[in-house]
Amino acid sequence: MEGVSQLKEWIEASDNIVFFGGAGVSTESNIPDFRGVDGLYKEQYKYPPETIISHSFYVKKPEEFYRFYCNKMIFPKAKPNKAHLALRKLEDMGKLKAVITQNIDGLHQDAGSREVLELHGSVRRNFCTRCMKFYNLEEMLSAMEGKEVPRCDCGGLIKPDVVLYEESLNDGVMSKAVSCISNADMLIIGGTSLTVYPAAGLIDYYRGSRMVLINKTVTPMDEKADLVISGSIGEVLHNSV
């Protein structure tokens with residue numbers, strides 16, 4: 001595949017790599033991008049996905065929110081793919097310093113990555129909005145059995161620790177991501193259209209000369225990248241590490 005040999009050379013010459021990834025990393029673990037509306041979508045939902053996973057919709061129509069959330073955003077049986085495993089290997093080699101992800105599935109941690117910055121939160125963490133009791137994913141799903149919305153023992157609504165539209169990203173996570181990207185000698189971007197802000201704006205903090213973009217489709221940043229590889233993020237990383 002064109003560009004892989006160059007990527008491999010740059011990886012060998014770098015010791016402060018940061019990876020920035022999006023939904024395309026998870027789709028190779030058979031987790032569909034919720035924005036990729038399937039043929040049955042309009043029969044099942046009256047609203048576009050961006051509306052359903054907004055804070056105001058969550059407050060006004062929690063039953064509809066949780067129906068979509070459980071059907072389209074939780075995949076407890078998903079396993080890490082070649083991309084996740086290659087990134088873990090790079091971290092074990094001491095080259096990769098951080099994974100910055102827009103995904104909420106926790107697969108980077110399942111693969112063994114330790115420094116993972118989750119910009120949009122995680123389905124693995126859930127909290128009661130009344131008493132703040134923590135629920136893992138299994139406990140949250142158990143709380144939903146036979147119910148339209150998950151309730152805590154205290155009666156409060158259990159909310160996933162996921163950043164919804166209209167909500168702000170975590171300041172601490174954002175600051176750390178900015179620091180990691182600013183100090184990186186190589187930035188690998190994969191599986192993202194780079195159209196979801198403010199997360200996509202983070203790559204503007206990169207100051208180096210090894211910005212690599214791995215994607216199956218064209219992005220707004222292709223012209224600014226030092227290397228663009230079109231293809232499967234899993235295959236490209238697997239063949240480069």
Side-chain angles (χ1 to χ4, degrees), residues 1-26 28 80-122 169-215 219-241:
M1 189 180 296
E2 189 175 351
V4 172
S5 60
Q6 180 67 77
L7 174 58
K8 194 167 185 176
E9 286 180 21
W10 283 358
I11 287 175
E12 290 174 354
S14 303
D15 59 10
N16 190 346
I17 303 172
V18 169
F19 177 80
F20 180 95
V25 178
S26 293
E28 295 187 18
N81 59 55
K82 289 181 178 179
H84 299 105
L85 297 174
L87 291 168
R88 192 280 315 280
K89 185 176 179 181
L90 276 176
E91 187 179 25
D92 289 345
M93 294 165 64
K95 289 182 173 291
L96 184 72
K97 303 305 180 185
V99 169
I100 301 171
T101 181
Q102 295 171 283
N103 298 327
I104 58 175
D105 47 54
L107 291 182
H108 285 292
Q109 289 91 331
D110 284 351
S113 290
R114 296 174 294 279
E115 190 60 41
V116 182
L117 303 180
E118 296 170 310
L119 298 175
H120 296 150
S122 173
L169 274 62
N170 182 281
D171 287 340
V173 174
M174 285 291 283
S175 295
K176 193 166 185 180
V178 167
S179 177
C180 289
I181 291 175
S182 299
N183 292 309
D185 63 5
M186 182 176 182
L187 177 62
I188 303 175
I189 304 164
T192 173
S193 61
L194 294 174
T195 57
V196 178
Y197 285 81
L202 284 170
I203 66 172
D204 293 335
Y205 289 94
Y206 180 62
R207 296 291 179 262
S209 58
R210 294 173 183 161
M211 181 191 289
V212 182
L213 237 169
I214 308 167
N215 218 30
T219 79
M221 290 299 294
D222 282 15
E223 292 183 0
K224 294 185 179 180
D226 301 296
L227 176 63
V228 177
I229 301 176
S230 178
S232 158
I233 179 73
E235 290 299 325
V236 171
L237 289 179
H238 175 74
N239 291 324
S240 302
V241 177

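These values consider heavy atoms only, across backbone and side chains, with no hydrogens, waters or symmetry-generated copies.
- Atom OG of S179 and atom CG of L117 lie 10.0 Å apart (nearest 0.5 Å).
- For the residue pair P220 and T195, the shortest heavy atom distance occurs at CG-CG2, 4.3 Å.
- Not a single salt bridge (Lys or Arg N to Asp or Glu O under 4.0 Å) links R207 to another residue, sequence neighbours left out.
- Across every non-hydrogen atom of H120 and A199, the tightest pair is NE2-CB, 4.0 Å.
- Counting heavy atoms from C-beta on, the side chains of L7 and I214 come closer than 4.5 Å.
- A heavy-atom distance below 4.5 Å is found between the side chains of V241 and M93.
- Side-chain atoms of N81 do not come within 3.5 Å of backbone N or O of S26 as any donor-acceptor pair.
- At most 12 heavy atoms of other shown residues, nucleotides or ligands fall within 6.0 angstrom of atom NZ in K89.
- In this structure, L87 CG and E115 CD are separated by 13.5 Å, a value rounded to the nearest 0.5 Å.
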Could you pull out all donor-acceptor pairs under 3.5 Å where a side-chain atom in residues 13-22 meets a protein atom, sequence neighbours excluded?
| from | atom 1 | to | atom 2 | distance (Å) |
| --- | --- | --- | --- | --- |
| S14 | OG | W10 | O | 2.7 |
| S14 | OG | R210 | NH1 | 2.9 |
| N16 | ND2 | N183 | O | 2.9 |

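- Between L202 and L119 there is a side-chain heavy-atom pair separated by less than 4.5 Å.
- Between V236 and S240, the shortest heavy-atom contact is O-OG, 2.6 Å.
- Across V25 and A83, no two heavy atoms sit closer than the pair CG1-CB, 4.2 Å.
- How far OG1 of T101 is from CG of L107: 9.0 Å, rounded to the nearest 0.5 Å.
- The closest donor-acceptor contact from the side chain of K97 to the backbone of G94 lies under 3.5 Å.
- To the nearest 0.5 Å, atom CZ of residue R114 and atom CD of residue E91 are 4.0 Å apart.
- Under a 3.5 Å cut-off, the side chain of E28 and the backbone N or O of S232 do not form any donor-acceptor pair.
- Nearest heavy atoms, A111 versus L85: CB-CD2, 4.0 Å.
- Ion pair K82/E235 flagged as a salt bridge, since at least one NZ, NE, NH1 or NH2 atom sits closer than 4.0 Å to an Asp/Glu carboxylate oxygen.
- One distance of note links CD of E118 with CD of Q109; it measures 4.5 Å at 0.5 Å rounding.
- Contact annotation: the side chain of I11 approaches that of M186 to within less than 4.5 Å [non-hydrogen atoms, C-beta and beyond].
- In terms of heavy atoms, C180 sits closest to A98 at SG-CB, 3.9 Å.
- Note on residues 197-206: no pairs pass side chain to side chain donor-acceptor pair (under 3.5 Å), not counting sequence neighbours.
- Here the straight-line distance linking atom CG of N103 with atom NE2 of H84 works out to 6.5 Å at 0.5 Å rounding.
- For the pair M221 and I189, the minimum side-chain heavy-atom distance is 4.5 Å or more.
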